Amino acid sequence: MEEITVEALNSEKFIEQQVSAISETVGDGLAINALSGGIDSSAVTMLGHRALGDRLKTYFIDNGIMRQEKPEWIVSVFKDLGVHVEVIDARTEFFDAMSGITDPEEKREAITQTFYKDVFGRLVKESGAKHLLQGTILTDVDETVAGIKRQHNVFEQLGIDPEKTFGYKIIEPLIQLRKDGVRKVAEALGLPEEIYNRMPFPGPALAARVIGEATPERIETARQATVILEGELADTGAFQYMAILHEDRVTGMRNGERDYGTQIEIRCWESVDARTARPTRLPYDLLERLAERITNEVPGVVSITYGIATKPPSTMEVV
Ligand code: XMP
């Protein structure tokens, strides 16, 4: 698949081409897609909606590992754009699938199977759709094919036929773009700035921010630290920032007593396309404020570190 660089991208022409390609592929049938509210899935939703109107069924899958935002927010943003979004509660299903899993790639695989086989499999059957539209971008494919990280949404490039494996075809209108190109297309599609300028957030969501088992309690710890981080770092203009719950416990103290607690690592990245990245040189007083707030406001956390390695050899997420 040939890359379309942000410099070479003509958004209007790209949109026109993708809308007609979607119409042609789906014919007079139905398609479904999952909207998380991130840039990629939002852009795909708008492309699909332009091509198919009500013949695109859009779902918000509440998998229990998303950021602290209410599905109602995304639903209302899209309602204003004329797109109806149905919320599906799949929290128990995802936590059951991840139960007991500590290996990062196994965790990603459990999420993939639950999404594509269980949840989408069911939605496709119920709706009668034959196609799933999704926002895979070129960087997802690169890293998966290179064997670095199995991105949750890559199949064909790994020799997996979604139709045989899951019973539906997958359409990927953004596959030639990287994040900067998707932002440009998302803006041209009329999405609000709070969406097209949104920080990237990975498909495996907070499960990618928890080293070791992703239990509801551990995800909640990462979620609460993320809320604080997103508030404090919003003005930095960084590409992406994240709070990571480590598996090791460390000795701390609280109210004069031993508190054998947990450790959060903060990462904040400068990047253009996520292929390479370097840590932001955050002001020290901001780091201190983060440490103070997270240890005070998130139960059980007694230690905070700041990741200062570059990508490569690090990757941006820890899982
Ligand atoms: P890494 O950790 O591979 O991240 O350096 C590069 C960019 O990709 C995002 N990321 C994902 N996005 N599905 C996605 O849609 C995934 O499975 C996934 N894993 C990582 C990550 O947040 C960063 O922006």
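Predicted, not measured: the structure shown is a model, and the values here were computed from it. We count ligands from 1, going down the list as the structure has it; atoms in each ligand are counted the same way.
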(request) Would you mind checking which non-hydrogen protein atom is closest to atom 8 (O) of ligand 1, with the distance to 0.1 Å? (result) Gln151 OE1, 4.3 Å
(message) Any donor-acceptor pair under 3.5 Å linking the side-chain atoms of Thr45 with those of Asn33?
(response) yes
(request) Any chance you could measure Thr25, atom OG1, to Gln18, atom CD, to the nearest 0.5 Å? (result) 9.5 Å
(request) Using only heavy-atom distances, determine whether the side chains of Thr305 and Glu265 contain a donor-acceptor pair under 3.5 Å. (result) no
(message) Less than 4.0 Å is my threshold; does some heavy atom of Pro204 fall inside it relative to ligand 1?
(response) yes
(request) Run down the list Glu143, Met242, Lys311 and name the one with the heavy atom closest to atom 3 (O) of ligand 1. (result) Glu143
(request) Would you mind checking which non-hydrogen protein atom is closest to atom 13 (N) of ligand 1, with the distance to 0.1 Å? (result) His152 ND1, 2.8 Å
(message) If the test is side chain to side chain contact (heavy atoms under 4.5 Å, CB included), which one of Leu81, Val77, Leu189 qualifies with Ile195?
(response) Val77
(request) Mind checking whether Lys179 contacts ligand 1 via backbone (N, CA, C, O), side chain (CB onward), both or neither, at a 4.0 Å heavy-atom cut-off? (result) neither
(request) Closest by any non-hydrogen atom to atom 7 (C) of ligand 1: pick that one out of Ala274, Ser36, Ser271. (result) Ala274
(message) Whether the Glu213 and Thr215 side chains hold a donor-acceptor pair (N or O, under 3.5 Å, no angle test) is what I'd like checked.
(response) no
(request) Supply the atom-to-atom distance Lys311 NZ to Ile148 CD1, rounded to the nearest 0.5 angstrom. (result) 7.0 Å
(message) Filter on ring pair (Phe, Tyr, Trp, His ring centres under 6.0 Å), then keep only pairs touching residues 105-129, sequence neighbours left out; what's left?
(response) Phe94-Phe115, Phe115-Phe120, Tyr116-Phe120, Tyr116-Phe155, Tyr116-Phe166
(message) Any heavy atom of Arg108 closer to ligand 1 than 4.0 angstrom?
(response) yes
(message) To check your reading of the model: name the closest protein heavy atom to atom 24 (O) of ligand 1, its residue, and the distance in Å.
(response) Gln240 OE1, 2.8 Å
(request) If you have a sec, work out which protein heavy atom is nearest atom 2 (O) of ligand 1 and how many Å separate them, to one decimal? (result) Lys149 NZ, 2.6 Å
(message) Return the CG to OG1 distance between Leu177 and Thr136, rounded to the nearest 0.5 Å.
(response) 11.5 Å
(message) Using a plain distance cutoff, I'd like to know if Met316 has any nitrogen or oxygen under 3.5 Å from a nitrogen or oxygen of ligand 1.
(response) yes
(request) Using the test salt bridge (charged side-chain N to carboxylate O under 4.0 Å, His left out), find all partners of Arg178 that sit at least two apart in sequence or belong to another chain. (result) Glu3, Asp142
(message) What protein heavy atom lies closest to atom 14 (C) of ligand 1? Include the residue and the distance to one decimal.
(response) Gly203 N, 3.3 Å
(message) What protein heavy atom lies closest to atom 21 (C) of ligand 1? Include the residue and the distance to one decimal.
(response) Glu317 OE2, 3.4 Å
(message) Looking at non-hydrogen atoms alone, which of Gly38, Pro202, Pro312 comes nearest to atom 9 (C) of ligand 1?
(response) Pro202
